Amino acid sequence: MKQLKKIRLATPQLISLGFATVILVGSLLLMLPISSRTGEVTSFIDALFTATSATCVTGLTTVNTAEHWTPFGQFVILVMIETGGLGFMSLPVFFFMVAKKKINLRTRMILKDALNLEQMNGSVNLMRYILLTSVIIQSLGSFALSFSFVPKYGWLKGIWFSVFHSVSSFCNAGFDLLGDSLANDQQDIWLLFVIMILIIAGGLGFLVWFDLIRYRKQKRLSLHSKIALLMTGSLLFFGTLGFYVTEHNGHFLVAGNELQRFFNTMFMAVTPRTAGYYSVNYFEMSHAGLILTIVLMYIGGTSGSTAGGLKTTTFGVLLIQMKSILKGRNRAEFSGRTIPADAIFRALTLFFITLTLCIFATMILSVTEKIPDVDGLGLEYIVFEVISAFGTVGLTMGLTPELSIIGKVIIISLMFIGRVGIMTVLFSLIAKARQQEQHFKYPEESVLIG
């Protein structure tokens, strides 16, 4: 009898399979009667949708998190948020650390690709640093949020709310236990401020934080960190300014002073960075404000962070390349460094594929879903949801609870691709094709452009 050939999966396949496994296990746990307040079994599609949204740190839900799930169900969601935010590889590394065992080469290779690192050296130490940093930031966030939640809900419920929302904010998940996100807390400046800090901290990226901590010794930042910090700061500034202009009447803000309005306006610029919390009703926002929100959601956070979307560094590389072309240069240069051509090609490919994916998903949902018969409401109702799912944001204009079965499958797919990464998903499907490297080159011939 011939020995069965051992199946060896490629790294992208293992990463995709890892996230899928976490989602499946979470779905089964959420289906249990103990997970729902009614004591009934939650339908598989709703459990799968919630598990995908939690693991992919999105925040879109077909059922109300505060009303439908029991504390057990909410705890399952919290574990999936943490696992999805830090990456599924955080679990094996954590167990290796507790058991004090050496991490094997195969695990290190998967860890390298999961963290989007260029080399394998230092990947384990970086993962340990990520775990330690995450615990510190989320603990501080929980302590800070307790000043807002404990006076409102008491010690036990207040502490639970503080921990849950600290983890959800840092992981850019957007899940809340308040029932209507922060719409009823527009005047709570402290709550808005702490959540904004946690969102920015999680969306900035662990590599950037690692660079900032080591800056005192090295006296320099990597090109990745420079672009990430510049793009993050620019998007926050112009986003806040843009919402001040587009939503100048502030008709959906509760009565309050200028300071409260400023924090709510800034919150509108921060939360589309894949966070998902909201303090305003996006259904009542102007068309200009919706377009700005969609753009911010599509760009998303930084590579190597808890955020999704196209990524700030990808968008920054595209802007740098565009600037170089307009100046007549054949190289993309920034801060005394030349960006490799393969990085530019990868950024352009990502931009084209993700844009095509979102357009295709919008076309399908425009057929399967119904747009409410409201004056002034059109295709943006669907586009908003599609970009929110792909960018793992979690903001909605109300479409998610009304999705059809096909619509739920489309949004689930978008959330999964947005978190795992379009290139990882594609490479996991065509792993064999990638191994066939060409050793020849066809003759060059020019093509008219523009």
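The structure presented is a predicted model; accordingly, all values stated were derived computationally and were not measured.
- Residues Gly84 and Val57 approach most closely at C-CG1, 4.1 Å, considering heavy atoms.
- A distance-only check finds no donor-acceptor pair linking the side chain of Asp180 to the backbone of Ala183 [under 3.5 Å].
- When all heavy atoms of Met297 and Phe384 are compared, the closest pair comes out as CE-O, 3.6 Å.
- When atom types are taken as modelled, the side chain of Asp342 and the backbone of Phe345 share no donor-acceptor pair closer than 3.5 angstrom.
- Formation of a donor-acceptor pair under 3.5 Å by the Gln186 side chain with backbone atoms of Ser279 is found in this model.
- Using a 4.5 Å heavy-atom cutoff, the side chains of Leu60 and Glu385 are in contact.
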* Stepwise side chain to side chain contact (heavy atoms under 4.5 Å, CB included) check, Val317 with Phe334 -> CA-CA 9 Å; Val317 167; Phe334 179 78; over 6 Å; no
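- By the 4.5 Å heavy-atom criterion applied to side chains, Glu369 and Ile410 are not counted as neighbours.
- Proximity of a side-chain donor or acceptor of Ser181 to a complementary backbone N or O of Tyr278 within less than 3.5 Å is detected.
- Using a 4.5 Å heavy-atom cutoff, the side chains of Val280 and Tyr282 are in contact.
- Summarising the local packing, NZ of Lys157 is surrounded by 12 or fewer heavy atoms from other residues, nucleotides or ligands at distances under 6.0 Å.
- Considering all non-hydrogen atoms of both residues, Ala269 and Gly239 come closest at CB-C, 3.6 Å.
- Although no hydrogens or angles enter the test, the distance criterion places a donor-acceptor pair under 3.5 Å between the side chain of His165 and the main chain of Leu177.
- Heavy-atom contacts from other residues, nucleotides or ligands closer than 6.0 Å to CD1 of Ile406 number 12 or fewer.
- Remark: the backbone N or O of Phe352 is paired with a side-chain donor or acceptor of Thr356 at under 3.5 angstrom.
- Although no hydrogens or angles enter the test, the distance criterion places no donor-acceptor pair under 3.5 Å between the side chain of Ser169 and the main chain of Ser166.
- The two residues Pro272 and Val393 have their closest heavy-atom pair at O-CG2, 3.7 Å.
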Throw together a table of side-chain donor-acceptor distances under 3.5 angstrom for residues 70-79, partners on residues two or more places apart or in other chains.
{"residue": "Thr70", "atom": "OG1", "partner": "Ile34", "partner atom": "O", "Å": "2.6"}
{"residue": "Thr70", "atom": "OG1", "partner": "Ser35", "partner atom": "O", "Å": "3.2"}
{"residue": "Thr70", "atom": "OG1", "partner": "Phe72", "partner atom": "N", "Å": "3.4"}
{"residue": "Thr70", "atom": "OG1", "partner": "Gly73", "partner atom": "N", "Å": "3.3"}
{"residue": "Gln74", "atom": "OE1", "partner": "Trp160", "partner atom": "NE1", "Å": "3.3"}
{"residue": "Gln74", "atom": "NE2", "partner": "Trp69", "partner atom": "O", "Å": "3.2"}

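- Thr293 contributes atom OG1, which lies 9.5 Å from atom CE of Met397 (distance to the nearest 0.5 angstrom).
- In this structure, the side chain of Ser36 engages the main chain of Glu40 through a donor-acceptor pair within 3.5 Å.
- Judged purely by distance below 3.5 Å, without hydrogens or angles, the side chains of His68 and Thr42 pair a donor atom with an acceptor atom.
- With rounding to the nearest 0.5 angstrom, the OH atom of Tyr153 is 8.0 Å from the OG atom of Ser148.
- By the 30° and 60° cut-offs, the orientation of the rings of Phe193 relative to Trp190 is tilted.
- Residues Phe243 and Phe267 fail the side-chain proximity criterion, which asks for heavy atoms closer than 4.5 Å.
- The structure places CD1 of Ile137 at 11.5 Å from OG of Ser142, a figure rounded to the nearest 0.5 Å.
- Between Phe149 and Phe161, the ring planes lie perpendicular to each other; the angle is over 60°, past the 30° to 60° tilted range.
- Contact of the Thr232 side chain with the Arg273 side chain is registered, since non-hydrogen atoms from C-beta on lie closer than 4.5 Å.
- You'll find the side chain of Lys152 reaches within 4.5 Å of the side chain of Asp188, heavy atoms only.
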* **Pair Phe416-Thr55, side chain to side chain contact (heavy atoms under 4.5 Å, CB included): steps then yes or no** => CA-CA 9 Å; Phe416 184 82; Thr55 306; over 6 Å; no
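- Checking side-chain atoms of Thr400 against main-chain N and O of Thr62 turns up no donor-acceptor pair under 3.5 Å.
- Atom CD1 of Ile387 sits about 12.0 Å away from atom OG1 of Thr392, to the nearest 0.5 Å.
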* Audit row: Ile411, Thr58, side chain to side chain contact (heavy atoms under 4.5 Å, CB included) steps and yes/no -> CA-CA 11 Å; Ile411 296 298; Thr58 305; over 6 Å; no
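- With 3.5 Å as the limit, one finds a donor-acceptor pair spanning the side chains of Thr312 and Thr302.
- Between Phe175 and Phe164, the shortest heavy-atom distance links the atoms O-CE2, 3.6 Å.
- Side-chain contact between Ile45 and Ile412 is present, with at least one heavy-atom pair separated by less than 4.5 Å.
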* Asked: So Leu221 and Leu229, side chain to side chain contact (heavy atoms under 4.5 Å, CB included) or not? Walk me through it.
  -> CA-CA 10 Å; Leu221 294 175; Leu229 290 170; 3.9 Å; yes
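- When atom types are taken as modelled, the side chain of Arg346 and the backbone of Thr314 share no donor-acceptor pair closer than 3.5 angstrom.
- Atom CG of residue Leu414 and atom OG1 of residue Thr354 lie 11.0 Å apart, to the nearest 0.5 angstrom.
- Heavy atoms from other residues, nucleotides or ligands lying under 6.0 Å from CZ of Arg214 number more than 12.
- Note that the OG1 atom of Thr52 and the CD1 atom of Ile23 stand 4.0 Å from one another [nearest 0.5 Å].
- Taking each heavy atom of Gly300 and Thr274 in turn, the nearest pair found is CA-CG2, 3.6 Å.
- Looking at heavy atoms from C-beta onward, Asp176 lies out of side-chain contact with Leu182 at the 4.5 angstrom threshold.
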